[in-house]
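As the structure is a computational prediction, the values presented were derived from the model and not from experiment.
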Amino acid sequence: MKNRFSIVKKFPIFVIISLILIAPGLVGLVTLPFGMNLFNMDVDFIGGTSMTFDIHEEVTSELSGTTIPNLVEEATGVAPSSVQKTGDDGEEVLIKCTKLDNTQQAAVIDAMQEQFGITDDDTLDFSDNNATISKEMQNTAILAAVVAVILMLIYITFRFELTSGLAAVTCLAHDLLVVLSAYVVFQIPFGTTFIAVALTILGYSINSSIIVFDRVRENRKFARRELFEDTVEKSLWQTVGRTINTSITTLLTVGMIFIFGVTSLRQFTLPMIIGIIAGAYSSLFLAGSLWAKYRGLLRKNQREKARAKVQQSKVKKEKAPEKEAIVEAEDKKESAETSEPVQKPAQVVTPKKVHKKNKKKKH
């Protein structure tokens, strides 16, 4: 432990790094209601036109990544939001872009027929997605994420404590904002795949945080007198190997899909890769430290309340002797007044005088 840097003590550094990572996503999320759209919104969310063609040849990554998008943009002046490989034999292509008028749709058909030698029968579908339906999809996605986070908070609070639940929820928000930053920076089409990515990252990130929390709880049983921050520090270093190994194993699988997959899969796996890395980062460098910070704040408030009660009791105790002193003074005055008449007769000793007179008479 002496040769290792302190994760808990260097928490401010990790906070600065996190703020830099989440800045693009946070700005994009905050400015979205004000009409500034930094995301590459897909048809599923903002409405638009979907086109499906059978080109009678395999849709390679080169075709879906560069050839067809450039073709559509030259014909319509609008870059497609996504070009996906579909169909059982992989020879159908689904093109999504913002809503096109009839002239633009005809230009896309002509360009596709000229490029791939297809006919009107190979134009399988042309449809316009309603923005109202897309709004319902957004509300459903938000509701699903909120319900999932609330259930996780309840579960972690029941299993550990409220402060650990707040730390876990903070890490979840951090991971989602990092993923949103990836959508803004890399201009990944923001569509229905984001719902799957977000829910997957939520589950993956919370699992990594619970591993850390569970180790903290186990170590706390045998180190009651140890500072909570020291227990967290020790637990983090005990779980760092497991967290890194699990993340690398997952990244190998998702990375292979990203490397050898088509464009549509890359649009899903790229934010997944970033979310997995963000989840490992938050569970190691943020979760435990946040638990310690939240716990310290709660205990600090409790200590301040306890100190206030102690001070009040001290004030009462200080006032009590004053009252006792006043009562004692009054008692002394009363005793003095009652004792003076008794003391005067006690000073006259008549028997001695009588005894002297009797002596003189004898002489």
Side-chain angles (χ1 to χ4, degrees), residues 14 17-19 21-26 28-30 32 39 42 44-45 136-186 188-216 239 242-244 246-251 253-255 257-258 265 267-291 294:
F14 300 122
I17 295 173
S18 296
L19 290 175
L21 294 175
I22 69 175
L26 185 61
L29 194 63
V30 171
L32 193 61
F39 298 96
D42 201 357
D44 299 326
F45 277 94
E136 293 176 357
M137 293 176 64
Q138 294 180 38
N139 295 333
T140 303
I142 295 173
L143 179 62
V146 170
V147 171
V149 170
I150 292 175
L151 292 177
M152 290 177 185
L153 177 61
I154 295 173
Y155 168 73
I156 296 175
T157 302
F158 177 77
R159 184 172 175 180
F160 300 99
E161 59 183 49
L162 178 60
T163 51
S164 62
L166 294 175
V169 170
T170 305
C171 290
L172 292 179
H174 166 271
D175 298 341
L176 288 180
L177 286 173
V178 171
V179 173
L180 288 176
S181 297
Y183 275 93
V184 172
V185 173
F186 298 106
I188 305 170
F190 195 88
T192 53
T193 55
F194 171 74
I195 302 173
V197 171
L199 296 178
T200 304
I201 295 303
L202 287 177
Y204 187 88
S205 178
I206 200 67
N207 180 64
S208 299
S209 299
I210 287 177
I211 291 173
V212 176
F213 294 162
D214 192 61
R215 183 57 61 91
V216 172
T239 56
R242 179 178 178 179
T243 302
I244 293 176
T246 305
S247 301
I248 291 176
T249 304
T250 309
L251 286 173
T253 306
V254 180
I257 299 174
F258 175 78
L265 289 177
Q267 294 171 358
F268 173 77
T269 54
L270 179 57
M272 276 287 296
I273 291 172
I274 295 173
I276 291 171
I277 296 174
Y281 172 84
S282 64
S283 63
L284 287 177
F285 302 113
L286 298 179
S289 301
L290 283 171
W291 187 7
Y294 288 152

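- At distances below 3.5 Å, not a single donor-acceptor pair connects side-chain atoms of Ser205 with backbone N or O atoms of Leu202.
- Formation of a donor-acceptor pair under 3.5 Å by the Ser289 side chain with backbone atoms of Leu286 is not found in this model.
- Rounding to the nearest 0.5 Å gives a distance of 5.0 Å between CZ of Arg159 and CG of Asp214.
- Between the side chains of Ser282 and His174, no donor N or O sits under 3.5 Å from an acceptor N or O.
- Separation of the Phe39 and Tyr183 ring centroids does not fall under the 6.0 Å cut-off.
- Rounding to the nearest 0.5 Å places CH2 of Trp291 at 10.0 Å from CD1 of Ile156.
- Atom CG in Leu284 sits 10.0 Å away from atom CD1 in Ile211 (nearest 0.5 Å).
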In sequence, state the C-alpha distance, the side-chain angles, and the governing distance for Cys171 and Leu290, and then conclude on side-chain contact (heavy atoms from CB on, under 4.5 Å).
CA-CA 9 Å; Cys171 290; Leu290 283 171; 4.0 Å; yes
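- Taking the side chain as every heavy atom from C-beta outward, Thr170 and Tyr294 approach each other to under 4.5 Å.
- With sequence neighbours left out, Phe14 forms a ring pair (Phe, Tyr, Trp, His ring centres under 6.0 Å) with Phe285.
- The backbone N or O of Leu21 sits less than 3.5 Å from a side-chain atom of Ser181, completing a donor-acceptor pair.
- Rounding to the nearest 0.5 angstrom, the gap separating the CG atom in Asp175 from the CG atom in Leu180 is 11.0 Å.
- Residues forming a ring pair (Phe, Tyr, Trp, His ring centres under 6.0 Å) with Phe160 (at least two apart in sequence, or on another chain): Phe213.
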